Engineer: 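Here you go, one structure.
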There are 2 protein chains.
Amino acid sequence: MTSAGHAEAPQRTPGNQPKTARGEATRKAILSAAERVIGAKGYNEASIGYITSEAGVAQGTFYIYFKTKEEVFSELVLEMGRLVRHTIAESTQGIQNRLEAEKAGLTAFLEFVRAHPDLYRIVQEALFVDPGAYREYYTAFEDGYRAGLSSAQEAGQISPGDAETRAWALMGIARALGEQLVVFDTKKPISELVETAYDLIANGIKPAES
Amino acid sequence: MTSAGHAEAPQRTPGNQPKTARGEATRKAILSAAERVIGAKGYNEASIGYITSEAGVAQGTFYIYFKTKEEVFSELVLEMGRLVRHTIAESTQGIQNRLEAEKAGLTAFLEFVRAHPDLYRIVQEALFVDPGAYREYYTAFEDGYRAGLSSAQEAGQISPGDAETRAWALMGIARALGEQLVVFDTKKPISELVETAYDLIANGIKPAES
DNA sequence: GATAAACATGAATACTGATTCATGTTTCAT
DNA sequence: ATGAAACATGAATCAGTATTCATGTTTATC
């Protein structure tokens with residue numbers, strides 16, 4: 001039985017990209033279901049069975065496109081990174097003044113987060129499920145941020161100061177406000193959050209000299 | 001055999017506090033091992049077997065003091081909350097000026113985080129393992145923070161602005177810098193991080209009017 | 001110094017859920 | 001039309017591990 005025959009079957013595509021329109025669609029369905037399910041229940045509670053049933057396919061189908069549960073998770077983190085950076089870059093396109101760019105970028109980020117709460121939570125969980133992906137996510141983010149701050153500084157658009165630490169602090173603000181939206185369900189409109197944060201970032205909280 | 005006898009044995013202390021010095025010590029050992037193991041490997045990878053072996057007790061002993069694995073986790077989150085708030089309150093004791101208090105509090109927080117990296121990661125993971133505890137942690141934190149900002153505002157020590165949003169933003173900065181220490185292993189000394197963050201918080205990044 | 005409660009043990013239980021596999025079905029190039 | 005590759009199925013496997021339990025040992029009280 002098992003008339004294997006040809007010794008070198010070409011079955012082992014590493015990432016297993018689909019080669020057909022049908023396959024493409026199925027893979028997308030699984031990825032999207034994974035995003036929703038993992039985002040909602042967390043990595044561990046999100047069983048393959050639940051993900052596949054949510055995607056409308058059989059359990060085994062999952063393993064045609066992903067080697068492990070972790071793999072689909074990592075892919076989601078990467079996707080989130082790409083999307084967020086793209087969204088922000090787009091929104092700050094052509095804005096010359098750094099402080100204005102800051103405001104536009106923060107607004108775009110918060111809007112994105114509100115539209116994709118699942119992806120947001122997935123990135124948070126990556127710290128434990130896939131630390132490497134987590135670091136890459138924030139490091140990539142920081143690189144761009146710091147570069148922007150540095151050149152703005154050289155152009156005299158912002159005051160001097162350690163660009164790296166500032167980048168982290170500003171990312172921390174964005175993250176905290178995003179969490180307000182997604183985790184704490186604040187009622188405040190994004191514009192209001194941005195207004196307050198922008199004032200803090202631009203002017204600080206020290207009272208004006210009297 | 002098993003001459004049970006008395007029908008109503010008083011075995012069911014809910015939280016199961018120890019009643020003996022020995023018990024006290026064992027419970028502490030388990031809690032401390034759990035902190036290290038869960039902090040290092042994350043909630044799911046941290047098996048009861050590993051925790052107890054790390055604590056130097058048998059597996060069953062765990063269930064004398066904790067009803068479930070989740071219970072010990074929640075307790076750690078609570079402990080972290082108490083410790084952090086206590087540490088910060090202590091460090092800002094008697095400082096009248098809000099901005100100075102901000103600096104002292106941030107320094108104390110970062111030093112605490114560096115000293116307890118495990119607890120820090122545990123709080124992060126609580127978002128998925130015990131969302132209620134996560135919210136309580138940050139809500140309690142925010143309450144104090146916002147109150148402080150509000151009264152400082154009334155006293156004219158800081159400029160006017162939405163205290164709640166500001167509280168979240170400032171907590172975001174602290175958290176991001178803490179993460180630099182614990183997750184990204186930055187080489188920068190705490191004092192330097194605080195210096196940059198403080199300048200940002202007090203003055204913002206807008207260049208001084210020329 | 002005896003008795004009961006408290007504490008400790010670690011093997012056995014019980015269950016969950018990721019991954020595999022033998023067996024179809026669909027797609028597509030020829 | 002037809003054979004091979006791609007895709008799909010879902011039951012079976014397999015491993016890990018939280019929790020329980022029957023059985024000892026220690027502690028403290030009388």
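Quick note on labels: first sequence line is chain A, next is B, and so on, each numbered from 1. The structure displayed is predicted, hence computed values, not measured ones.
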Engineer: Near DNA chain C, under 4.0 Å by heavy atom, which residues of residues 124-133 of chain A?
Structural biologist: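 The answer is none.
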Engineer: Of all residues at least two apart in sequence or in a different chain, which pass the side chain to side chain donor-acceptor pair (under 3.5 Å) check with Gln180(B)?
Structural biologist: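 None.
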Engineer: Provide, to the nearest angstrom, the distance between the NZ atom belonging to Lys41(A) and the C1' atom belonging to dG17(C).
Structural biologist: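 Interatomic distance, NZ of Lys41(A) to C1' of dG17(C): 13 Å.
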Engineer: So with a 6.0 Å cut-off around CD of Glu45(B), is the heavy-atom count from everything else above 12?
Structural biologist: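 No - once you tally the heavy atoms of other residues, nucleotides and ligands closer than 6.0 Å, there are 12 at most.
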Engineer: Is Lys187(A) salt-bridged to Glu192(A), cutoff N-O under 4.0 Å?
Structural biologist: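 Glu192(A) and Lys187(A): not salt-bridged.
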Engineer: Under 3.5 Å, which protein N or O atoms sit close to an N or O of nucleotides 9-14 of chain D? Give each pair with its distance.
Structural biologist:
unit_1	atom_1	unit_2	atom_2	d
dT9(D)	OP2	Ala58(A)	N	2.8
dT9(D)	OP2	Thr61(A)	OG1	3.0
dG10(D)	N7	Gly60(A)	N	3.2

Engineer: Give me the atom names and distance for the closest heavy-atom approach of Ile88(B) to Phe141(B).
Structural biologist: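 So the two residues come closest at CD1-CZ, 3.7 Å.
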Engineer: Provide the closest heavy-atom pair for Ala169(A) versus Leu200(B) in the form atom of the first, atom of the second, distance.
Structural biologist: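 Looks like CB-CD2, 3.7 Å.
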Engineer: Would you indicate, yes or no, if dT17(D) has its OP1 or OP2 atom less than 4.0 angstrom from a side-chain nitrogen or oxygen of Tyr50(B)?
Structural biologist: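 False: Tyr50(B) side-chain N/O out of range (4.0 Å or more) of dT17(D) OP1/OP2.
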Engineer: What residues, two or more places apart in sequence or in another chain, satisfy side-chain contact (heavy atoms from CB on, under 4.5 Å) together with Thr61(A)?
Structural biologist: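 Partners of Thr61(A) under the side-chain contact (heavy atoms from CB on, under 4.5 Å) test: Thr26(A), Ile30(A), Val57(A), Ala58(A), Ile64(A), Tyr65(A).
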Engineer: Once you round it to whole Å, what is the distance between C1' of dT20(D) and CD1 of Ile48(B)?
Structural biologist: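 To the nearest whole Å, that distance equals 13 Å.
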Engineer: Give me, pair by pair, the N or O atoms of the protein and of nucleotides 24-30 of chain D that are less than 3.5 Å apart, along with how far apart they are.
Structural biologist:
none

Engineer: Salt bridge check: are Arg175(A) and Glu179(B) linked by an N-O gap of less than 4.0 Å?
Structural biologist: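 Yes, Arg175(A) and Glu179(B) are salt-bridged.
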Engineer: To the nearest Å, give me how far apart CZ (Arg27(A)) and P (dA6(D)) are.
Structural biologist: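 Atom-to-atom, Arg27(A) to dA6(D), this comes out as 15 Å.
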Engineer: OP1 or OP2 of dT20(D) sitting under 4.0 Å from any side-chain N/O of Tyr63(B)?
Structural biologist: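 No, no such contact exists.
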Engineer: Looking at Tyr43(B), does the NZ or CZ of Lys69(B) lie under 6.0 angstrom from its six-membered ring centre and within 45 degrees of the ring axis?
Structural biologist: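 Cation-pi check for Lys69(B) and Tyr43(B): passes.
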Engineer: Does this structure show an ion pair linking Asp118(B) with Arg121(B), if we count only N-O contacts that are shorter than 4.0 Å?
Structural biologist: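 Answer for the salt bridge query: no.
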Engineer: Scan the side chains in residues 94-104 of chain A for donor-acceptor partners under 3.5 Å anywhere in the protein, sequence neighbours excluded, and list what turns up.
Structural biologist:
unit_1	atom_1	unit_2	atom_2	d
Asn97(A)	OD1	Leu99(A)	N	2.8
Asn97(A)	OD1	Glu100(A)	N	3.0
Arg98(A)	NE	Glu102(A)	OE1	3.3
Arg98(A)	NH2	Glu102(A)	OE1	3.2
Glu102(A)	OE2	Tyr145(A)	OH	2.0

